[in-house]
Amino acid sequence: MDVTEFEVWWKIPFRHSAGIHATRFFEGLKEKKILGVKCEKCGRVLVPPRAFCERCHAETGEWVEVKDEGIVETMTVTYMKFTGLPDPPYAVGVVKLDGADTGMLCFLGGVDLSDWRRVHEAFKPGTRVKAVWREEREGKITDIEYFKPLD
Amino acid sequence: MRVAVVGFGQTPFRTKRKDKTHPELAFEAINVALEHAGLDMKDIEAVAYGSMDPFDGIYCPERWDATACGLEKPVMKISTGGTTGMTTALAAYEHVASGLFDVAMAVCVQRVGECVDAQPVLNTAVDPIYERHSGLGAIHVAAFQATAYMAKYGATEEDLAWVSVKDHKNALKNPCAHIRMDISVEDVLNSRVVCSPLKLLECCPRSDGAAAVIFASEDVAKKVRDNPAWVVGETTISDSYYLGDRPDFADWDSLAIAGRRLFRTAGVENPVKDIDVAELYSPFTIQEILELEALGFAEKGKGKDFAKEGITFPDGEMPTNPSGGVLCTNPIGATGLVRFGEAALQVMGEAENQVDGVEVALSHAWGGTLQFHTLALLSSRKKLR
Ligand SMILES: [Zn+2]
């Protein structure tokens with residue numbers, strides 16, 4: 001017996017507030033500036049910035065600009081199409097920027113993504129990378145198009 | 001207050017259980033658990049229920065499924081990502097451990113098979129302000145761990161593939177397991193790359209099904225069965241919400257902290273000697289390796305050799321996932337409860353793929369893009385020491 005099935009969609013619009021801290025960060029991106037905040041208690045510079053340090057349960061304080069260069073902590077290249085996610089292949093990684101104590105999630109690019117072993121060689125953990133900025137910046141995280149190997 | 005597992009029930013897990021609705025799956029698992037415990041629905045005093053709504057496209061599935069849990073009982077809903085199943089187990093356990101109830105049941109239902117693609121749902125679990133744009137789901141995060149671990153400790157693709165071979169061989173003996181096929185290291189290595197370096201046969205399926213575990217106080221447990229599985233330790237831990245805040249993707253520090261906390265309170269001195277089998281939450285091959293190291297079963301950088309050398313096979317020194325594990329069956333919100341129930345069956349000596357002479361079993365789940373861990377120790381002895 002063929003069992004009856006119903007097709008159901010959840011497609012519901014929301015508007016998430018970024019809050020004041022993230023908004024200041026996004027404004028900085030328009031001017032090619034990457035801003036973080038410092039936790040006075042543990043001394044960590046959090047990038048992207050947040051209103052409080054979750055390790056210390058303390059409000060963060062001083063704003064600091066970090067470099068748009070750093071090192072790759074880890075990465076992966078996606079080769080399968082997932083609904084609503086970017087078209088493959090795309091490379092994402094965690095990059096720790098110079099002057100920051102946390103990693104930032106970002107796209108990696110500037111190299112051919114067809115052979116994953118080559119991409120892993122180009123971006124192996126510890127590799128220095130630099131941001132490639134979009135010409136037209138609108139104060140979004142995607143104003144940084146991707147990070148490319150520095151050399 | 002000593003508390004024991006006195007019953008476990010699970011449905012066969014499949015890509016789709018089209019034959020049944022959400023509460024019908026709950027009903028099926030609950031009845032297996034009740035029969036296993038030799039109890040009736042009227043004996044259940046309280047229910048902890050776990051599921052993650054968006055995987056099934058049903059808001060408040062506890063409303064639908066409470067109808068299968070016996071009306072008029074206190075019902076509490078738990079939803080903590082991949083740890084949901086084990087957190088639900090601990091919620092039911094704590095109902096009895098508090099002394100407020102003598103018998104409580106944990107029930108989890110999840111129909112990931114009805115979700116056409118789980119990764120976009122997982123993507124909505126990632127920080128919406130800074131991180132979601134990157135197209136990240138659970139598999140990407142596991143791939144981050146694999147990349148970092150392989151670079152730090154020199155693990156090979158073959159080392160990881162052995163974990164999959166071991167889990168798939170185990171699943172062949174478990175009729176409830178979802179993916180049941182005999183595969184070789186070559187099969188794993190030749191399967192397509194999904195998120196590098198992870199390949200399709202290193203990744204879990206999307207499974208439909210339900211599970212239920214019944215807990216009882218000491219007096220009831222002794223009356224109900226002669227081989228209860230005593231809960232001798234449990235803990236949970238939370239790490240940062242932000243992926244970039246993880247200290248090191250090659251080592252699972254939050255799990256190591258939770259493990260030490262568990263072992264100290266339960267009286268475990270040497271994990272490999274004191275624990276006979278572990279049901280670990282490893283939907284991706286790399287994660288079992290990290291878990292073995294974080295929990296002290298393997299030295300750092302040595303976990304990669306365990307499957308290859310047979311140590312984690314059922315006849316090895318430290319068997320893991322004799323059920324076939326999460327790699328072969330993943331009804332996400334119910335998966336932790338299956339780990340817990342399978343660990344209980346090992347202690348009772350009643351598992352389908354029984355490891356010889358199990359007295360102490362560990363159960364683990366992680367959830368929320370590496371954020372949460374839940375751990376429990378079950379034993380045929382009321383106290384380890
Ligand atoms: Zn701090």
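Only a predicted model underlies this, so the values are computations on that prediction, with no experimental measurement involved. Throughout, protein chains are lettered first and strands after them, A, B, ... in sequence-line order, and every chain is numbered starting at 1.
Only the backbone of A/Ser17 comes within contact range of chain B, with heavy atoms under 4.5 Å apart. Neither the backbone nor the side chain of B/Leu122 comes within contact range of chain A; no heavy atom of the residue lies under 4.5 Å from a heavy atom of that chain. Both the backbone and the side chain of B/Phe144 come within less than 4.5 Å of a heavy atom of chain A. In this structure, chain A has no heavy atom under 4.5 Å from any part of B/Lys20. Using a 4.5 Å cut-off between heavy atoms, B/Asn123 contacts chain A through its side chain alone, with no backbone atom that close. For A/Phe14, no part sits under 4.5 Å from any heavy atom of chain B, backbone or side chain. At a 4.5 Å heavy-atom cutoff, the contact between B/Ala151 and chain A is made by side-chain atoms alone. Contacts between A/Thr83 and chain B at a heavy-atom distance below 4.5 Å involve backbone atoms as well as side-chain atoms. With a threshold of 4.5 angstrom between heavy atoms, B/Leu200 approaches chain A through side-chain atoms but not through N, CA, C or O.
Of all residues spanning residues 107-126 of chain A, those with a heavy atom less than 4.5 Å away from chain B's heavy atoms are A/Phe107, A/Trp116, A/Arg117, A/His120, A/Pro125, arranged by number. Contacts of residues 39-52 of chain A with chain B at a heavy-atom distance below 4.5 Å involve A/Arg44, A/Pro48, A/Pro49, A/Arg50, listed in sequence order.
The minimum heavy-atom distance linking A/Leu85 with B/Gln119 is given by the pair CD1-CB, 4.1 Å. Nearest heavy-atom pair across B/Pro128 and A/His16 is CB-CD2, 3.8 Å. Listed here is the closest heavy atom pair of A/Phe82 and B/Ile139: CZ-CG2, 4.2 Å.
Rounded to the nearest 0.5 Å, atoms CZ (B/Arg132) and CD1 (A/Ile141) are 13.0 Å apart. The OG1 atom of A/Thr78 lies 8.0 Å from the CG atom of B/Leu136; values are rounded to the nearest 0.5 Å. One distance of note links CG of A/Leu105 with CG of B/Asp127; it measures 9.5 Å at 0.5 Å rounding. Annotation: the span from B/Leu198 atom CG to A/Met80 atom CE amounts to 11.5 Å, rounded to 0.5 Å.
A/Leu150 pairs by the side-chain contact (heavy atoms from CB on, under 4.5 Å) definition with A/Glu69, A/Arg128, A/Lys130, not counting sequence neighbours.
By the neighbour-count criterion of 12 heavy atoms within 6.0 Å, atom NZ of A/Lys140 is sparsely surrounded, having that number or fewer from other residues, nucleotides or ligands.
Side-chain N or O atoms of B/Ser196 include one that pairs as donor or acceptor with a backbone N or O of A/Val77 at under 3.5 Å.
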side-chain contact (heavy atoms from CB on, under 4.5 Å) for A/Glu54 and B/Asp245? Distances and angles first, verdict last. CA-CA 10 Å; A/Glu54 54 198 1; B/Asp245 276 10; 3.0 Å; yes
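The choice from A/Val94, A/Val8, A/Thr74 that makes the most heavy-atom pairs within less than 4.5 Å of chain B is A/Thr74. Comparing B/Tyr242, B/Tyr241, B/Tyr130 by how many heavy-atom pairs each has under 4.5 Å with chain A, the most go to B/Tyr130.
Sorted by first and then second residue, the ring-ring contact (aromatic ring centres under 6.0 Å, His included) pairs involving residues 131-151 of chain A (not counting sequence neighbours) form an empty list.
Residues B/Val121 and A/Trp10 fail the side-chain proximity criterion, which asks for heavy atoms closer than 4.5 Å.
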